[in-house]
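In what follows, every chain begins at residue 1, and chains take the letters A, B, ... in the order their sequences are listed.
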Amino acid sequence: MTALKAAVHQQAREGADLCDLGIAELGQLMREGSISPVDVTTACLDRIARLDGSLNSFITVTAEAALAQARTAEAELAAGTDRGPFHGIPYALKDNVDTAGILSSSHSKIFADRMPQESATVARKLEAAGGILIGKTATFEFAIGGPSFDLPWPPARNPWNRDYLPGGSSSGSGAAVGARFVPGAIGTDTGGSVRWPAAMCGITGLKPTYGRISRRGVHPNTYSLDHCGPMTRTAADCAAMLGACAGHDPLDPGSIDEPVPDYLAALTGSIKGLKIGLVRHWYEEEATEEVIAAVDASVEVLRGLGASVEVLTLDPLRDYVDAKTTISIAELFSVHEADIRTRPQDFGKLLRSRVMVGGLVRAEDYVQAMRWRTELCTRMMAAFSRYDLLVTAGWMAPADPAIPDGVDFFKKRQLATMPFSLAGLPALALPCGFSATGLPLSLQIAGRPFDEATVLCAGDAYQQATEWHLAKPDLD
Amino acid sequence: MTSTVPPRPATREEIAVLARNAGLDLPPEIFEELVQAYGNIEPMLMRLRRSRDRADEPAHVFDPRKFMPETA
């Protein structure tokens with residue numbers, strides 16, 4: 001434990017802001033009896049009430065239900081019933097995740113009053129693990145259309161600077177974790193929607209392997225690319241949250257029946273001997289100078305921890321982006337076709353453009369994109385015969401200003417998140433520096449299918465050696 | 001390499017036909033949004049039309065086992 005981490009822990013024991021603590025630290029203090037789930041939940045709700053008015057990270061705050069869950073967790077822990085590392089931990093869910101009896105709007109006018117009767121599997125699993133649902137977070141409309149300023153709720157803002165965007169589509173989840181409203185949140189990721197807001201908000205976000213976390217009850221964006229993933233402040237907390245919600249679900253056609261290991265036990269702190277392939281050309285060609293310098297410096301940290309790092313060349317980013325985007329918009333149209341034909345004016349402008357254009361993709365284009373996906377994935381998997389992990393930038397630039405129509409989805413920089421989306425591989429975005437303007441920068445670590453353990457171990461080792469993830473935005 | 005689509009941007013009239021085929025009957029201002037969006041994705045679609053072996057399979061290979069009912 002670094003001196004700074006030890007100081008944070010000591011401050012918590014002495015009654016400092018509980019919102020500054022992560023899942024692991026909260027769990028330890030709860031089990032010591034120093035604090036209770038009710039204390040932590042109350043602190044989170046108070047902070048949200050005080051500060052979220054200018055961040056818009058929540059669409060719904062479930063204060064009463066959260067306090068009831070916290071009292072139950074408190075009683076259970078006092079009676080010696082321990083449901084595991086997530087017991088008593090407050091968390092948030094992106095608003096495209098169904099929650100029984102709680103508004104699940106996907107941040108859209110189309111679903112502005114939607115109250116599902118059943119909760120998504122991921123919500124049920126986190127509840128069963130003893131987690132305390134604090135509320136539902138803002139998103140790009142239906143997890144793709146944004147940042148939009150023409151929806152029933154405003155877009156979330158970046159906790160590091162409210163004049164900037166928090167990335168997306170899991171924008172509210174990223175902002176809420178970055179702002180210390182909750183220690184963990186669930187996002188969804190189709191082309192980078194967990195990792196982008198994690199990168200922009202200075203937090204740690206994991207897109208696990210395709211099929212690792214159930215998407216049952218999560219509104220679809222692109223069937224063949226959709227993932228759920230944890231967003232926390234550290235890799236260790238991602239491990240705790242992933243352990244609470246991973247596992248096979250026969251009700252999700254994409255779910256894969258693979259054993260769920262003990263992710264926390266995999267955090268040995270050592271990456272000595274690991275072989276890392278550095279995909280430098282992706283960010284060298286696309287990223288800002290600050291990102292290039294920050295990622296290169298991070299690679300030196302990994303090397304200093306005993307990993308061997310070699311530069312390798314994979315297919316150009318544009319090839320992955322072309323295939324992913326074509327697949328995504330074609331499937332997106334099939335999700336929304338009834339509404340886009342009958343009530344296009346009820347979509348936000350950005351989502352409407354993305355959905356409509358998917359209807360113009362021909363069957364031949366979709367099949368060609370899927371054939372291209374096979375080729376690209378095959379070549380990427382071949383790299384894992386030589387390397388345990390691949391490393392590249394998490395995002396190519398710091399956050400964008402929060403200006404209506406300021407971000408053109410189709411003209412953004414090529415995204416280093418998309419190759420791992422297309423290949424369905426686990427990929428972790430974690431803080432690795434700051435821009436001169438004080439906005440977070442991010443590193444990305446990817447691994448073999450279902451080897452989240454090694455990815456998280458490397459992220460945790462990096463965070464044991466650095467302190468970027470401990471930096472806190474000044475919101476007061 | 002064979003291509004069934006000429007390597008030139010679609011005209012507004014062609015985009016209108018594609019929209020009609022997709023069941024989209026759009027008011028003029030929303031049609032303009034579609035024209036702009038299609039101009040962005042059309043180059044992607046053209047780049048995807050590459051020469052491939054006829055036997056190259058897409059990524060979504062059918063697995064009949066997925067549709068078996070769960071057994072106790």
Within-4.5 Å side-chain heavy-atom neighbours: Thr326(A) and Leu48(B) | yes
Name the option with the most non-hydrogen atom pairs under 4.5 Å to chain A; the candidates are Ala19(B), Gly23(B), Pro43(B).
-> Gly23(B)
Rounded distance [0.5 Å steps], CG in Leu360(A) versus CG in Asn21(B) | 8.5 Å
Where Gly359(A) and Ala22(B) come nearest, the two heavy atoms and their spacing = O-CB, 3.3 Å
Write out, in numerical order, the residues from residues 331-341 of chain A with a heavy atom short of 4.5 Å from a heavy atom in chain B.
-> Phe333(A), Ile340(A), Arg341(A)
How about Gln368(A) and Arg50(B): does a side-chain donor come under 3.5 Å of a side-chain acceptor?
-> no
Residue by residue, scan residues 56-64 of chain B and write down, ordered by number, those that have a heavy-atom distance under 4.5 Å to chain A; if none do, write 'none'.
-> Asp56(B), Glu57(B), Pro58(B), Ala59(B), His60(B)
Using modelled atom types only, decide if a donor and an acceptor are shared between the side chain of Arg371(A) and the backbone of Asp53(B) within a distance under 3.5 Å.
-> yes
With side chains defined as the heavy atoms from C-beta onward, is the minimum distance between Trp372(A) and Arg52(B) less than 4.5 Å?
-> yes
Considering non-hydrogen atoms only, spot the tightest contact between Ser353(A) and Ala37(B) and give its length.
-> O-CB, 4.0 Å
Quick one: does Val361(A)'s side chain get under 4.5 Å of Ile41(B)'s, heavy atoms only?
-> yes
Contacts of Trp282(A) meeting ring-ring contact (aromatic ring centres under 6.0 Å, His included) (sequence neighbours excluded), chain-then-number -> Tyr320(A), Phe420(A)
With side chains defined as the heavy atoms from C-beta onward, is the minimum distance between Met44(B) and Arg318(A) less than 4.5 Å?
-> no
Name, in order of residue number, those residues of residues 24-31 of chain B that have a heavy atom at a distance of less than 4.5 Å from a heavy atom in chain A; otherwise write 'none'.
-> Leu24(B), Leu26(B), Ile30(B)
Counting heavy-atom pairs under 4.5 Å with chain B, the top scorer among Leu422(A), Thr378(A), Val367(A), Thr374(A) is Thr374(A)
